[in-house]
J.: 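Okay, here's the structure, questions in a sec.
Please read all numbers here as calculations on a predicted model, not as lab measurements.
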Amino acid sequence: MTYRRTCERCGGTFFAPDRKLSVCSKCAKRLGVARPAHTSTHPPRSVSPGTQRPTGARPTNRPSRGPTAQNHPPPGEVLTDEVRQAIRQAYDPDGRHAGLSDSAANGRIACDLKVRRGWVAEVLASVRPPDPSSLPPSEPVCQEILRRYQAYVACNERPPGGRHRTIARELGLCQRQVSAVLRAWRQEESGRLSRQQRFDIERAFWEAAGEGLRWRELLRRVADSTSQSLWSVTLWLDQLLEDPKAAAPADSLSPEARDEVEAFYRRYLQADHPPEASLHELLAERLGVAPKQVFAALVACRLRYRPAGTGIADEPSRP
């Protein structure tokens with residue numbers, strides 16, 4: 001059996017029969033560190049009497065392996081200014097390091113200079129240009145991201161591949177940039193409604209869901225009955241009516257358990273105030289299942305009563 005290890009000297013990955021080894025074979029030869037011999041766990045092979053190797057001294061006419069690396073001093077324990085300067089001079093992004101990833105270039109420089117790989121990454125972090133995907137988009141681009149995302153929210157539409165990925169592909173951005181913009185916007189919007197207000201919106205949606213209203217009409221009905229803005233109602237109902245993929249774990253529940261979830265959910269919405277504990281925790285403890293399964297069952301229950309959307313052209317006006 002072999003174990004995957006990381007060399008503490010060069011940072012490279014190597015495989016060894018001993019999980020306690022911390023230095024690869026190249027660094028061990030360069031630094032003169034003795035590695036324990038591998039002891040095989042397989043039984044010895046049987047050797048016939050006529051093929052047994054004669055004992056005695058090994059032949060001395062082997063070719064020399066050349067000078068060893070035992071005279072090289074081990075790398076220091078402190079990153080000095082001289083080492084920093086040597087790393088900067090060794091980095092050649094337009095020459096020998098062109099086309100290499102940052103990790104591969106760090107490993108090659110660490111091996112050439114016989115220094116730690118982490119030092120190379122630390123020094124070159126201030127030399128390399130920043131990753132474009134880590135930079136925040138400009139203000140006009142952020143506004144366009146929000147406009148497209150709010151259009152999806154307005155009609156509770158989820159394109160194939162997800163909203164974040166679709167917007168990033170259409171605008172030529174990294175998905176991480178889009179997610180960062182929307183995460184900050186979500187955190188700002190989430191504090192506009194209290195828990196009681198969210199409970200009132202959910203209860204009003206459930207009461208109007210069975211009347212055959214279209215999505216736009218249902219939003220107006222809920223907004224009027226709860227005295228909340230149309231956009232606040234749209235945003236919270238969009239979060240309640242999750243992606244249908246989120247309802248997949250509900251298949252692991254028995255039909256009886258799913259029926260009990262829906263019956264308990266109906267009784268939950270008949271109260272005037274939400275309980276102190278969350279709905280998922282109450283049902284999970286009652287049924288003896290995971291909260292994730294309860295969440296999926298509730299999503300599937302809500303989606304059965306979701307009316308047809310009206311399209312992006314009928315989106316609610318943003319306050």
J.: For I109 and A90, work out which heavy atoms get closest and say how close.
T.: CG2-CB, 4.2 Å
J.: Could you walk me through whether E207 and R221 satisfy the salt bridge (Lys or Arg N to Asp or Glu O under 4.0 Å) test, starting with their C-alpha distance in whole Å, then the side-chain angles of each, then the deciding distance to 0.1 Å, before giving a yes or no?
T.: CA-CA 10 Å; E207 293 174 353; R221 174 73 64 83; over 6 Å; no
J.: If you compare all heavy atoms of R163 against all heavy atoms of E157, which two are closest, and at what distance to 0.1 Å?
T.: NE-O, 2.9 Å
J.: Is a side-chain donor or acceptor of W119 paired with a backbone partner of L79 at a separation under 3.5 angstrom?
T.: no
J.: Check A28 against V23 and note the closest heavy-atom contact, atom names and distance.
T.: N-CG1, 3.6 Å
J.: What do the steps show when you test D112 against R96 for side-chain contact (heavy atoms from CB on, under 4.5 Å), and what is the final call?
T.: CA-CA 12 Å; D112 294 341; R96 61 192 303 260; 3.1 Å; yes
J.: Are Y149 and W185 close enough that their ring centres sit under 6.0 Å apart?
T.: yes
J.: Just do the salt bridge (Lys or Arg N to Asp or Glu O under 4.0 Å) check on R158 and D238 with the steps written out, would you?
T.: CA-CA 10 Å; R158 288 176 168 80; D238 176 78; 3.8 Å; yes
J.: Given salt bridge (Lys or Arg N to Asp or Glu O under 4.0 Å), test R220 with E217 step by step and report yes or no.
T.: CA-CA 5 Å; R220 292 184 182 277; E217 298 171 347; over 6 Å; no
J.: Once rounded to the nearest 0.5 Å, what's the spacing between atom OG of S179 and atom CG of L173?
T.: 11.0 Å
J.: Taking atom CZ of R4 and atom CZ of F15, what is their separation to the nearest 0.5 Å?
T.: 4.5 Å
J.: V127, L100: one ILVMFWY side-chain cluster at the under-4.5 Å cut-off?
T.: no
J.: Answer yes or no for R203 and Y268: cation-pi contact, defined as NZ/CZ to six-membered ring centre under 6.0 Å and angle to ring axis within 45°.
T.: no
J.: Start with the C-alpha gap between V153 and W231, add the side-chain angles, then the distance that decides, and say whether side-chain contact (heavy atoms from CB on, under 4.5 Å) holds.
T.: CA-CA 10 Å; V153 171; W231 176 250; 4.2 Å; yes
J.: Any chance the side chains of D200 and Q196 put a donor and an acceptor closer than 3.5 Å?
T.: yes
J.: side-chain contact (heavy atoms from CB on, under 4.5 Å), that's the test. Do I201 and F205 meet it? Break it down for me.
T.: CA-CA 6 Å; I201 293 174; F205 162 76; 5.5 Å; no
J.: Go through the structure and list residues passing salt bridge (Lys or Arg N to Asp or Glu O under 4.0 Å) with R165, not counting sequence neighbours.
T.: none
J.: Scan side-chain atoms only and decide if Y265 and E202 contain a donor-acceptor pair under the 3.5 Å cut-off.
T.: yes
J.: Could you tell me the separation between the CD atom of Q197 and the CD atom of Q228, rounded to the nearest 0.5 Å?
T.: 4.5 Å
J.: I need the minimum non-hydrogen distance between C142 and V181, along with the two atoms involved.
T.: SG-CG2, 3.9 Å
J.: Looking only at heavy atoms, which two atoms of R117 and A104 are closest? And how far apart?
T.: NH2-N, 4.3 Å
J.: Between CZ of R186 and CG of L235, what distance do you get to the nearest 0.5 Å?
T.: 4.5 Å
J.: Please determine whether side-chain contact (heavy atoms from CB on, under 4.5 Å) holds for the pair D18 and Y3, giving the CA-CA distance in whole Å, both sets of side-chain angles, and the decisive distance to 0.1 Å.
T.: CA-CA 7 Å; D18 187 358; Y3 300 92; 6.0 Å; no
J.: Say you draw a straight line from CG of D102 to CZ of R128; how long is it, rounded to the nearest 0.5 Å?
T.: 4.0 Å
J.: Donor-acceptor check, side chain of Q143 to backbone of P140, threshold 3.5 angstrom: yes or no?
T.: no
J.: Look up atom CZ in F14 and atom CZ in R5, then write down how far apart they are to the nearest 0.5 Å.
T.: 6.5 Å
J.: Measure across I145 and P137 and return the closest heavy-atom pair with its distance rounded to 0.1 Å.
T.: CD1-CG, 4.4 Å
